[in-house]
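Notes for the one structure printed next.
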Amino acid sequence: MPELPEVETVRRGLVPAMEGAQIVAAEARRPDLRFPLPVRFADRLAGQTVVGLGRRAKYLTADLSSGEVLVMHLGMSGSFRVEDGTLGTFHHPRGKAAAHDHVVLQMSSGKTVTFNDPRRFGFMLLVPRAEFDDHPFLRGLGPEPLGNSFDAPALALACRGRKTSIKAALLDQRIVAGLGNIYVCEALHRVGLSPKRPAGVLAGRDGRPTERTVQLVDAIKAVLQEAIAAGGSSLRDHRQTDGALGYFQHTFRVYDREGEACSRAGCGGTIRRIIQGGRSTFYCPRCQR
DNA sequence: AACACCCCCTGTCGGC
DNA sequence: TGCCGACAGGGGGTGT
């Protein structure tokens, strides 16, 4: 579900409710998500102050006054919502959606923060701050795509000699961390690159970036920034924390547009869907070469 | 090291 | 209306 823009949208929505506030009460309504929740999970959260809310790739991080970091991943269907009220009052779960409310945090800000995840591909970890960068799930992550260290030379170097497809390479979080299926498809269309080309073409014989690699990096940054500004993309599950829909999906040029005419001026191609690595790729075979 | 699969889980949608 | 298969924004783990 959520790629970098959606996770960043969620982070920004949680800041007013959580940053600088204390977790007055915490409740885990089941023992596990994708993985078992940390031992004594609720006890280790209750009473802590959230010193800062961050994001690394598609992970949300809450720095706690205890020195631990609450690491949260939304998986495919995870979402947070922020509501007024407390655990003991009107917030008792009811209705179909509430059946998947797995973690509830009552904050000293007066807000209740609820994590909902029907598919339970999401997970939460508690990691000592000093061990964050070495955690097995986090240490292999590549550069942030919106950071200064993600540039054309870095991408070319990471892809040099690789025979896997460009699509698979850009989805590989070790190469660049935060892209998912939507934004890879969109960025490749913007620069007219076929998702089927081997990733190695992003580097010239000397290992330096080609002109198209420079364009690709620019397109990745642009599409992510535009999507963040739009509050992310709402296909099925994604909501901002106040329940509002993101609206970047209206701007998709290829994703979920199989059979439609290519929007590139003068192209005249038709968007196709193919399967790469078991996942759908949308692209225009006419203008993406 | 690099790569190709498999799987986790629930909900929705289209076809019959 | 019901049933059934395909598919969904991710990524850890395993096997070659």
Side-chain angles (χ1 to χ4, degrees), chain A residues 1-10 29-37 55-60 71-80 95-102 115-125 135-142 145 157-188 196 198-200 203 220 223-224 227-228 230-240 245-252 254-259 273-282:
Chain A
M1 163 213 166
E3 307 182 32
L4 187 153
E6 291 74 39
V7 177
E8 179 61 22
T9 297
V10 168
R29 295 186 173 159
R30 53 175 302 131
D32 60 313
L33 297 172
R34 176 171 178 178
F35 307 115
L37 287 167
R55 179 190 57 74
R56 172 75 173 107
K58 300 172 193 172
Y59 293 87
L60 282 167
V71 180
M72 299 163 277
H73 197 291
L74 304 177
M76 290 280 272
S77 59
S79 64
F80 279 94
K96 198 173 172 185
H100 301 296
D101 288 351
H102 304 311
F115 178 68
N116 181 285
D117 185 6
R119 293 178 74 179
R120 300 201 306 279
F121 286 176
F123 52 92
M124 295 192 184
L125 313 168
H135 190 279
F137 291 1
L138 301 158
R139 67 179 169 216
L141 291 174
L157 203 60
C159 292
R160 186 180 189 186
R162 297 192 56 156
K163 293 184 168 58
T164 195
S165 67
I166 292 184
K167 168 80 184 312
L170 293 177
L171 282 178
D172 186 338
Q173 303 296 296
R174 296 168 299 184
I175 290 180
V176 56
L179 296 178
N181 210 20
I182 291 176
Y183 298 106
V184 168
C185 291
E186 292 297 312
L188 288 173
K196 298 192 285 192
I220 288 168
V223 74
L224 293 178
I228 290 170
S233 301
S234 294
L235 294 182
R236 296 164 191 80
D237 302 319
H238 172 67
R239 294 287 186 283
Q240 302 185 47
L245 296 169
Y247 53 88
F248 192 74
Q249 66 277 11
H250 303 304
T251 313
F252 290 170
V254 289
Y255 188 84
D256 212 13
R257 295 198 176 286
E258 181 183 21
R273 181 174 78 96
I274 61 172
I275 303 298
Q276 289 181 292
R279 307 183 66 191
S280 289
T281 295
F282 297 89

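Chain letters run A, B, ... following the sequence lines, proteins first, then strands; residues in each count from 1. Atoms considered below: every heavy atom in the structure, side chains included; atoms not considered: hydrogens, waters and symmetry mates.
A distance-only check finds no donor-acceptor pair linking the side chain of A/D117 to the backbone of A/H102 [under 3.5 Å]. Using modelled atom types, no side-chain atom of A/S165 and backbone atom of A/K196 make a donor-acceptor pair closer than 3.5 Å. The backbone N or O of A/I228 lies less than 3.5 Å from no partner atom in the side chain of A/E8, so there is not a single donor-acceptor pair. Listed for the A/K167 side chain is no donor-acceptor partner under 3.5 Å among the backbone atoms of A/A199. Side chain of A/E3 to main chain of A/Y183: a donor-acceptor pair is present (N/O by atom type, distance under 3.5 Å, no hydrogens or angles).
Across the protein-nucleic acid pair, A/D117 atom CG and B/dC8 atom C1' stand 11 Å apart, rounded to whole Å. Regarding A/I175, its CD1 atom lies at a distance of 14 Å from the P atom of C/dG11, rounded to whole Å. Rounded to whole Å, the distance from CZ on A/F123 to P on C/dG10 is 13 Å. In this structure, the CZ atom of A/R279 is 15 Å from the P atom of B/dA4, given to the nearest Å. The nearest whole Å value for the distance from the CD atom in A/Q173 to the P atom in C/dG10 is 8 Å. For A/L60 and C/dG10, the CG to C1' distance is 14 Å, given to the nearest whole Å. Remark: P of C/dA8 and CD of A/E3 are 13 Å apart, rounded to the nearest angstrom. In this structure, A/R174 places its CZ atom 12 Å from P of C/dG11, rounding to the nearest Å.
Residue ring and base: A/F121 does not count as stacked with B/dC9 (centre distance below 5.5 Å and interplanar angle below 30° not both satisfied).
The aromatic rings of A/H73 and A/Y59 sit perpendicular to each other, their planes meeting at more than 60°, with 30° as the lower class boundary.
Nucleotides C/dC3 and B/dC9 are separated by 23 Å at their P atoms, to the nearest Å.
When every heavy atom of A/M124 is checked against every heavy atom of A/L37, the shortest pair comes out as CB-CD2, 4.1 Å.
Distance from the side chain of A/H100 is smallest to B/dG11 among B/dG11, B/dC9, C/dG11. Nearest nucleotide to the A/K58 side chain, out of C/dC7, C/dG11, B/dC9: C/dG11. With distances taken from any side-chain atom of A/T164 to the nucleotides C/dG11, C/dG10, B/dC3, the minimum falls on B/dC3. The A/F137 side chain lies nearest to C/dG12 when the options are C/dG12, B/dC9, B/dC3.
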Could you list all N or O pairs between the protein and nucleotides 3-6 of chain C that sit under 3.5 Å apart?
none

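When the side-chain nitrogen and oxygen atoms of A/R34 are compared with OP1 and OP2 of C/dG11, none of them lie within a distance under 4.0 Å. The side chain of A/S77 places no N or O atom within less than 4.0 Å of a non-bridging phosphate oxygen (OP1 or OP2) of B/dC9.
Counting non-hydrogen atoms under 4.0 angstrom, A/Y255 reaches the backbone sugars and phosphates but no base. If you check every strand for non-hydrogen atoms under 4.0 Å, A/S280 touches sugar and phosphate atoms only. Among the protein residues, A/Y59 comes within range of the sugar-phosphate backbone only, with heavy atoms under 4.0 Å from sugar or phosphate atoms but none that close to a base.
How far CG of A/D172 is from CG of A/L141: 10.0 Å, rounded to the nearest 0.5 Å. Atom OG1 of A/T251 is separated from atom CD of A/Q249 by 7.5 Å, given to the nearest 0.5 angstrom. Interatomic distance, CG of A/L224 versus CZ of A/F248, reported as 8.5 Å (0.5 Å rounding).
With hydrogens and angles left out, the side chain of A/R119 and the base of C/dA8 share a donor-acceptor pair within 3.5 Å.
For DNA chain C, each stem of at least three Watson-Crick or G-U pairs (distances under 3.5 Å) is given as range with range: B:2-8 with C:10-16, B:10-16 with C:2-8.
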